[in-house]
Engineer: 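Take a look at the following structure, please.
Each chain gets a letter, A, B and so on, in the order its sequence line appears, and its residues count up from 1.
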There are 2 protein chains.
Amino acid sequence: MDNTSRVTTALRECHLKVTKHRVNVLKILIRAQKPLSADAIYHLLMTDRQSIDLSTIYRILETLAEKELVIKVTFENEVKNLYEYNHQIHHHFLICLSCNQITKVESCPLRDYEELVSEKMKFRVIGHKLEFYGYCEDCQKKQKYS
Amino acid sequence: MDNTSRVTTALRECHLKVTKHRVNVLKILIRAQKPLSADAIYHLLMTDRQSIDLSTIYRILETLAEKELVIKVTFENEVKNLYEYNHQIHHHFLICLSCNQITKVESCPLRDYEELVSEKMKFRVIGHKLEFYGYCEDCQKKQKYS
DNA sequence: GTTCCTGCAAAGCGTTTGCAAGATA
DNA sequence: TATCTTGCAAACGCTTTGCAGGAAC
């Protein structure tokens with residue numbers, strides 16, 4: 001199944017009308033494979049000669065987040081909210097402090113620890129958010145020679 | 001050593017002038033034991049009959065964050081930036097999805113995992129950010145009877 | 001006296017909202 | 001046709017900034 005039909009089906013299942021803009025936004029997020037800002041989506045659409053208003057993008061993202069087709073995330077030192085396609089696969093991010101590149105990691109060390117926290121702190125853990133900040137391979141190389 | 005002199009010393013060590021406002025902001029953050037917004041600090045000062053402008057608080061927090069006396073943090077679904085006193089002790093937070101209460105946990109399961117990430121992903125990990133979202137004890141009780 | 005800090009007012013920026021026109025079902 | 005979606009313009013809330021007066025060193 002290609003992305004267009006995948007996205008169309010997803011929208012129908014959520015009882016949302018299938019509009020050009022919604023399809024485009026979802027396809028962009030799938031292709032990106034990482035969180036994007038409303039603004040970034042706007043520019044990608046513009047580059048692709050798709051006219052759309054920024055406020056429409058915000059409304060679309062809000063709606064999609066409500067239906068859990070996308071996930072809204074915020075990172076440290078990033079003013080804008082970012083939105084990622086919800087692949088339903090638990091993951092974390094590596095965020096390069098130098099170039100800000102975001103890389104996904106699909107392994108997670110926290111399953112056991114969550115139980116421990118639940119017991120010790122009497123806090124019922126529903127989820128967690130974990131990011132690693134540091135330097136990606138490229139930036140490490142650049143730093144060596146600068 | 002009481003908080004006033006602790007804070008005064010810290011400011012001097014950072015070559016910052018010791019002003020009433022800076023001392024007050026730092027003391028509030030120490031007392032709070034959790035991250036506060038600029039706005040929250042403003043209201044605490046006002047309640048204490050200390051007149052100050054919001055922009056001054058932002059400037060103070062920015063300066064203190066630069067000198068690493070405080071840490072600027074952002075949480076999911078929280079529009080405002082929060083600032084916490086930097087106790088230099090590694091910790092994480094439990095964030096209640098119901099009442100938004102923030103609780104500190106000082107244990108951390110990630111030291112070993114960071115090494116793994118460094119090796120496997122060729123990403124030099126400098127730090128990480130981890131929060132647990134769920135329900136605190138009080139909210140769990142309330143949910144039972146509602 | 002010099003440098004840094006602060007209050008005030010205004011602007012900046014990301015995001016949200018009201019409303020009328022337009023598209024989807 | 002009824003309902004939902006969109007573009008446009010304006011407003012909103014948090015944060016930053018310019019500038020002149022004031023405080024710390």
Engineer: Run the salt bridge (Lys or Arg N to Asp or Glu O under 4.0 Å) test against B:Lys17 and tell me which residues pass, sequence neighbours left out.
Structural biologist: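 Per chain and number, B:Lys17 pairs via salt bridge (Lys or Arg N to Asp or Glu O under 4.0 Å) with no residue.
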
Engineer: Considering residues at least two apart in sequence or located in another chain, which fulfil the ring-ring contact (aromatic ring centres under 6.0 Å, His included) criterion with A:Tyr113?
Structural biologist: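 With sequence neighbours excluded, A:Tyr113 shows a ring-ring contact (aromatic ring centres under 6.0 Å, His included) to B:Phe132, given in chain and number order.
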
Engineer: CG of A:Asn24 to CG of A:Asp48: how many Å apart, nearest 0.5 Å?
Structural biologist: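 Rounded to the nearest 0.5 Å, the CG-CG separation comes to 7.5 Å.
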
Engineer: Using only atom types and a distance under 3.5 Å, with no angle test, would you say the side chain of A:His91 pairs donor to acceptor with the backbone of A:Ile89?
Structural biologist: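 Looks like yes, one N/O pair under 3.5 Å.
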
Engineer: Expected output is a numbered-order residue list: members of residues 28-42 of chain A with a heavy atom under 4.0 Å from any atom of DNA chain D. What is it?
Structural biologist: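 Nothing qualifies; none.
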
Engineer: Mark up nucleotides 3-12 of chain C, 5' to 3', with B wherever a protein heavy atom is under 4.0 angstrom from a base atom, S wherever such an atom reaches only the sugar-phosphate, and - elsewhere.
Structural biologist: BSSBBB----

Engineer: Rounded to the nearest Å, what distance is computed from the CZ atom of residue B:Arg12 to the C1' atom of nucleotide D:dC25?
Structural biologist: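 From B:Arg12 CZ to D:dC25 C1': 10 Å.
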
Engineer: May I have the distance from A:Tyr58 (atom OH) to D:dC12 (atom C1'), rounded to whole angstrom?
Structural biologist: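 After rounding, the gap between these two atoms is 13 Å.
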
Engineer: Hey, is the main chain of B:Thr74 close enough, under 3.5 Å, to the side chain of A:Glu76 for a donor-acceptor pair?
Structural biologist: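 Between the backbone of B:Thr74 and the side chain of A:Glu76 there is a qualifying donor-acceptor contact (under 3.5 Å).
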
Engineer: Looking just at side-chain N and O atoms, do B:His90 and B:Glu106 make a donor-acceptor pair shorter than 3.5 Å?
Structural biologist: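 B:His90 vs B:Glu106: no donor-acceptor pair found between side chains.
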
Engineer: Quickly work out the B:Lys80 NZ to D:dG13 P distance and round it to whole Å.
Structural biologist: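 After rounding, the gap between these two atoms is 11 Å.
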
Engineer: The criterion is side chain to side chain contact (heavy atoms under 4.5 Å, CB included); which residues satisfy it with A:Thr56, sequence neighbours excluded?
Structural biologist: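 Side chain to side chain contact (heavy atoms under 4.5 Å, CB included) list for A:Thr56, sorted by chain: A:His21, A:Ile52, A:Asp53, A:Ile60.
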
Engineer: Rounded to whole Å, please give me the gap between CG in A:Leu64 and P in D:dT5.
Structural biologist: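 Taking atom P of D:dT5 as the reference, CG of A:Leu64 is at 10 Å.
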
Engineer: What parts of residues 70-79 of chain A reach DNA chain D, counting only heavy atoms under 4.0 Å away?
Structural biologist: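 Hits under 4.0 Å, by residue number: none.
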
Engineer: Sub-3.5 Å donor-acceptor pair from the side chain of B:Asn86 to the main-chain atoms of B:Glu68, do we have one?
Structural biologist: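 The answer is yes, because a donor-acceptor pair under 3.5 Å joins these two groups.
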
Engineer: Using the side-chain hydrogen bond (donor to acceptor under 3.5 Å, both in side chains) rule, take A:Glu114 and A:His128 through it: C-alpha gap first, then chi angles, then the decisive distance, then the call.
Structural biologist: CA-CA 9 Å; A:Glu114 280 194 357; A:His128 60 255; 2.4 Å; yes

Engineer: Are A:Leu44 and A:Leu29 connected in a single hydrophobic cluster, I mean Ile/Leu/Val/Met/Phe/Trp/Tyr linked by side-chain heavy atoms less than 4.5 Å apart?
Structural biologist: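 Looking at the clustering, A:Leu44 is in the same group as A:Leu29.
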
Engineer: Quick check on C:dG14: is either OP1 or OP2 less than 4.0 Å from any side-chain nitrogen or oxygen of A:Asn81?
Structural biologist: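 Checking A:Asn81 against C:dG14: no side-chain N or O falls below 4.0 Å of OP1 or OP2.
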
Engineer: Measure from the ring center of A:Phe93 to the ring center of A:Phe75 and say whether it is less than 6.0 Å.
Structural biologist: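 Here the rings of A:Phe75 and A:Phe93 have centres that are less than 6.0 Å from each other.
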
